[in-house]
Number of protein chains: 2
Amino acid sequence: MRLKKKSGYHHGDLRRTLLDVSVATIDKHGVDALNLRELATRAGVSSGAPYHHFADRAALLAAIAEEGFGYLEAAMIRERDAAPDDATSRLAALGRAYVSFATAHRGHFRVMFRGDLIGGDSPELVQAQPRVFQLLWDAVEDCQRSQVAPAGDLQPLVLTAWSAVHGLATLWIDGALPYKNLNPERLAPIVSNLISHMFAALAHNPASRTRSSRRQSTVRR
Amino acid sequence: MRLKKKSGYHHGDLRRTLLDVSVATIDKHGVDALNLRELATRAGVSSGAPYHHFADRAALLAAIAEEGFGYLEAAMIRERDAAPDDATSRLAALGRAYVSFATAHRGHFRVMFRGDLIGGDSPELVQAQPRVFQLLWDAVEDCQRSQVAPAGDLQPLVLTAWSAVHGLATLWIDGALPYKNLNPERLAPIVSNLISHMFAALAHNPASRTRSSRRQSTVRR
DNA sequence: GATCAATCTAAGCATTGCTTAGTTTTGCGA
DNA sequence: TCGCAAAACTAAGCAATGCTTAGATTGATC
């Protein structure tokens, strides 16, 4: 990953090269290992050149995050539309796409939720995340309409589904899972299985209304 | 958070002070904002002093992570033992404790899973995480024994439970949840509800065997 | 009371993010 | 085609920060 410059002085597509080299570095060594001077050297330019394409390091990372959300959204839509045409299958497909994206694009994923690094100023980035979230929200709502998710407040359901896939992706990427035998291929069916049955099972369990307003009447005043 | 030195030259308990000030800074501004020189100034010592207590920045962060795992383990045990004496309630208590810890000790939690920062060398740290994991594992196993979790391979069940609480905690801490009305108090019942019913419901759903060996016989050769 | 280890200070080196001033190239209108 | 303004890049350097080194101060132990 050291895309060379073509002519002498002008690089040709330095912005693209910087993004690619950065993502590869972050994938291999983490965000903190990304060094703008070394990055410039690897891209074949001087250390000041990147600043003509990105205001600062945070802006570079924000661009990576934005790109990542774009890829993620596309992958989720693709998998969802390729899934069988029932609400549960489509939600499961979204979950699988989420985890698959994280494991396959570690470099992007490692940046996408680091609000502390990228300082959520970029307007494109601010809009990218809610779009992904909306996909999930709509799918859960479909499950509810199809009565394969419990009635009631949608928020806890969406939160549960998102947390499960996000947690799995995060733990995997951080290398926190104490399983040696766990590769990304084995992750997908776990997600599938989880999502497919979780809401369906909950829907038939009368105790699982999700409104949090189950205060006991004795406590009420 | 600027514990002063008592006498003139020697601080008294610099190590403790460094940890406390660090955690407070990380809680407020993130790990990347932690600056050893400013840290030293805040603790009232010169910029070289911290290196007599921590080999480098990574070692300081590792100490914070280790401390965090200790607190987390204690909180989980406390909540579990205070819960009603059935497997489901105890697992739910573990989950609540996990999320509560994360929101209440953001400074610690932000470091605990950043293997890229702390370089997993410290032997105490290496042992701390599996202990927490074991708590979860045992609780899920109890659920299985009590038949409130599906039979079969335990790994996907543990993974699901852990992912859900870890994801919720992570999303919350990263400020990624697009809910304005969501405070830590509202998180706890969501976790409780999720954990309490997830496995129980799954246990009665015959399609949810967790062994991933459900290849169709037609594909088998 | 002397000695030694632990703790701390002062000073400085190397790395890295970013800026500034000037150079080279490209694109575009006259 | 010419000329010029904007874009892209280089070279040099400042400031912040992690870490090291040499030496000063303190507290503990015999």
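To find a chain, count down the sequence lines: A is the first, B the second, and so on, and within it residues start at 1. Fair warning: this is a prediction, and the values are worked out from it, not measured in the lab.
Using bins of under 30°, 30° to 60° and over 60° for the plane-to-plane angle, the ring pair A/Tyr98/A/Phe109 lands in the perpendicular bin.
Residues A/His108 and A/Phe69 place their aromatic rings such that the two centres sit no closer than 6.0 Å.
In the region residues 54-62 of chain B, proximity to DNA chain C at under 4.0 angstrom, judged on heavy atoms, holds for none of the residues.
Judged by closest nucleotide on DNA chain D, A/His53 is the one of A/Arg37 and A/His53 placed further toward the 5' end. Nucleotides of DNA chain C nearest to B/His52 and A/Gly48 differ in position, and the one nearer the 5' end is that of B/His52.
Nucleic acid contact class of A/Leu34 (heavy atoms, under 4.0 Å, all strands): sugar-phosphate only.
Side-chain N or O atoms of B/Arg110 include one that pairs as donor or acceptor with a backbone N or O of B/Ile26 at under 3.5 Å.
Side chains of A/His105 and A/Tyr71: no donor on one and acceptor on the other come within 3.5 Å.
Between the CG atom of A/Leu14 and the P atom of C/dT26 there is a distance of 15 Å, rounded to whole Å. Spacing between atom CG of A/Asp32 and atom C1' of D/dT17 amounts to 14 Å, rounded to whole angstrom units. Following rounding to the nearest Å, B/Tyr51 (OH) and D/dA22 (C1') show an atom-to-atom distance of 17 Å. We find that CZ of A/Arg15 is positioned 17 Å from C1' of D/dC9, with the value rounded to whole Å. C/dT26 atom C1' lies 15 Å from atom CG of A/Asp13, rounded to whole Å. As rounded to whole Å, 18 Å separates atom P of D/dA16 from atom CG of B/Leu39.
Salt bridge present: A/Asp32 and B/Arg114 bring a charged side-chain N and a carboxylate O closer than 4.0 Å. A salt bridge is absent between B/Glu73 and B/Arg78; no separation between the charged side-chain nitrogens and carboxylate oxygens falls under 4.0 Å.
Taking side-chain N and O atoms only, B/Asn35 has a distance below 4.0 Å to OP1 or OP2 of D/dG18.
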